[in-house]
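As structure tokens, the structure follows; a few thoughts come after it.
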Number of protein chains: 2
Amino acid sequence: MNDNTIPNLSVDCVIFGFDSEKLNVLLLERKLDAQNGETIFCDHTLVGHHVRTGETLDESAARILKETTGLSNIYLEQFYTFGNPDRLKKTRAKLWLESIGRNPETRVISIGYFSLVNVNSVHVSYTERHAKWFDLKEIDDLGFDHKEILNKALEALQTKIKTNPLAFELLPQKFTLSHLQKIYEVVLGIEIDKRNFRKKVSQVPYIVPLKEKQQKVSHKPAQLYMFSRDIFEATKKKDFNFSF
Amino acid sequence: MNDNTIPNLSVDCVIFGFDSEKLNVLLLERKLDAQNGETIFCDHTLVGHHVRTGETLDESAARILKETTGLSNIYLEQFYTFGNPDRLKKTRAKLWLESIGRNPETRVISIGYFSLVNVNSVHVSYTERHAKWFDLKEIDDLGFDHKEILNKALEALQTKIKTNPLAFELLPQKFTLSHLQKIYEVVLGIEIDKRNFRKKVSQVPYIVPLKEKQQKVSHKPAQLYMFSRDIFEATKKKDFNFSF
DNA sequence: ATTTTATTATGTTAAAATGACACTAAATAA
DNA sequence: TTATTTAGTGTCATTTTAACATAATAAAAT
């Protein structure tokens, strides 16, 4: 490849999207056709690309996101770097790399980022790369070592969401408490008691009720809430609790 | 450089060592002398080196550790990757890289690891690279972007020690509860009540008292304890608690 | 031999957080 | 009008946290 990218460095991005019910991941189709038109294989991968010479790793990740979702200024976090010498040595990976003009012998290190969005903020059909949402629980295998990257991203998300206000990144600005609760349930894989959850919410000053309710739902409409980052920043205190 | 290393990839390792009182970091001296013998500058850096073509990133980090401390099989964790395009562009960095035959224009990405040892397990004078322990709190600046790397490593350590049994990696096999307590105090920068701390210890089955006491201390000798990883693994349960 | 010094070891109580648990209210759809 | 679906609410028992002071034991100093 003769562009302005670094041949042995890439960034892969696990884009998590919440749809009020499930946790989803944005994936690209990876389809390789033979000369005669027959499909050699067709599977899916995370979104990623090589790092450009002048850009930081964060900028590179933000660029993927912009290209894939059209979104800027969204939550992005570097979580791990994958550098196993044989990570691109599976048959399909080699065929694919050759087909796009990359040397399959190059040892590529990939820096993993994850990002958090609400699926409704992404107009997938308008994006440059035609990515699609997949239910996280239905994803079995992925191209390259991307299943491993996805697993590690989920772990990082689970760890971080326990102590940081990440859930709000997965929600629209105005949300119901049921949706907020659902996020913790699907991300952590647990069930939460509704009343205990709401008690917890009410003890926190930065989840603020709005003077607005859900519209057009065929049941009792829920109160809408928002997250105030200002209040969060102003009131947060460090938590030094530990367990062995 | 014409060895079997990858020119734009390095691993830097923050080696934390506990000495019963403080948290220390193992640093190398970086001294550049002119032809006439005058010193151009002298400062300190983390230990690190370029990744070899055939080795994984973990192996590369373990190799640094072995070369610097003589130790194998010690706690090592990848915590962040540093890839700013200008991270090696400070004057001293450029002079240094030239002096060791590296091209200062190469954009080098560094994968950061931290490791945890007890200072007494390391015979620093015997090591290949003549590293020295420095009190973490006294370290002001470091060569390259290593202060930034150190800061990030400390953050990662603080986060992880709150929920994982890392403290024992900083201790000898047999330790007193005062030393265990001290680790949490110096790593997290807090003060802990002795009685509450010991109550917490006694509720945990994998911190086990030995039939042995401290020897040759000029005060009441303390009970020695050990950490049983077997019991830890057998009894640990996942903690799904969260806060917003 | 006695005293000093340094550190170990130990329990109670009040306040806060957690976890278990069941019924009524409000909107649309049938 | 009734059925369906989800929202919204309080109590009590248990567990966890946080604050707090004094006696015991070893070596070192006198």
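Here the P atom of nucleotide D/dT9 and the CD atom of A/Gln181 are 14 Å apart, to the nearest Å. Distance, A/Gln214 CD to C/dA25 P: 20 Å, rounded to whole Å. Distance, A/Tyr184 OH to C/dT18 P: 13 Å, rounded to whole Å. Atom P of nucleotide D/dA19 and atom NZ of B/Lys200 are separated by 13 Å, given to the nearest angstrom. Atom CG in B/Asp239 sits roughly 10 Å away from atom P in C/dT18 (whole-Å rounding). Atom CD of A/Gln203 is separated from atom C1' of C/dG19 by 13 Å (rounded to the nearest Å). With rounding to whole Å, B/Lys237 atom NZ is found 13 Å from D/dT15 atom P. Per the geometry, CZ belonging to B/Phe244 stands 14 Å off P belonging to C/dA17, to the nearest Å.
Aromatic ring orientation, B/Phe114 versus B/Tyr75: tilted (interplanar angle from 30° to 60°). Ring-plane geometry between A/Phe227 and A/Phe168 is classed as parallel, the angle between the planes falling under 30 degrees on a 0 to 90 degree scale with a further cut at 60. Between A/Tyr80 and A/Phe82, the angle of the ring planes goes over 60°, which puts this pair in the perpendicular group of the 30/60° scheme.
Residue pairs meeting the side chain to side chain donor-acceptor pair (under 3.5 Å) criterion with at least one member in residues 153-171 of chain A, sequence neighbours excluded: A/Glu77-A/Lys160, A/Glu169-A/Arg229.
Taking 4.0 Å as the cut-off between side-chain N and carboxylate O, A/Lys22 and A/Asp135 do not count as a salt-bridged pair. Salt-bridge formation is detected for the pair B/Lys174/B/Glu212: a Lys NZ or Arg NE/NH1/NH2 atom is positioned less than 4.0 Å from an Asp or Glu carboxylate oxygen.
Residue B/His219 is the one, among B/Asn241 and B/His219, whose nearest nucleotide of DNA chain C lies closer to the 5' end (criterion: closest heavy atom). Along DNA chain C, the nucleotide nearest B/His179 and the nucleotide nearest B/Phe242 are compared for position; the residue whose nucleotide lies closer to the 5' end is B/His179.
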Heteroatom pairs (N/O) under 3.5 angstrom, protein to nucleotides 9-12 of chain C:
unit_1	atom_1	unit_2	atom_2	d
C/dA9	OP1	B/Gln223	N	2.8
C/dA9	OP2	B/Arg198	NH2	2.4
C/dA9	N7	B/Lys194	NZ	3.4
C/dT12	O4	B/Lys199	NZ	3.2

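For the helix from C/dA1-D/dT30 to C/dA30-D/dT1, the end axes, each set by the C1' atoms of five terminal pairs, are bent relative to each other by 10° (nearest 10°).
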Before giving the answer on ring pair (Phe, Tyr, Trp, His ring centres under 6.0 Å), spell out for A/Phe79 and B/Phe79 the whole-Å C-alpha distance, their side-chain angles and the decisive distance to 0.1 Å. CA-CA 8 Å; A/Phe79 66 93; B/Phe79 67 92; over 10 Å; no
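A donor atom on one side chain and an acceptor atom on the other are found under 3.5 Å apart for A/Asn24 and A/Asp19.
Between A/Phe244 and B/Tyr184, the distance separating the two ring centers is shorter than 6.0 angstrom.
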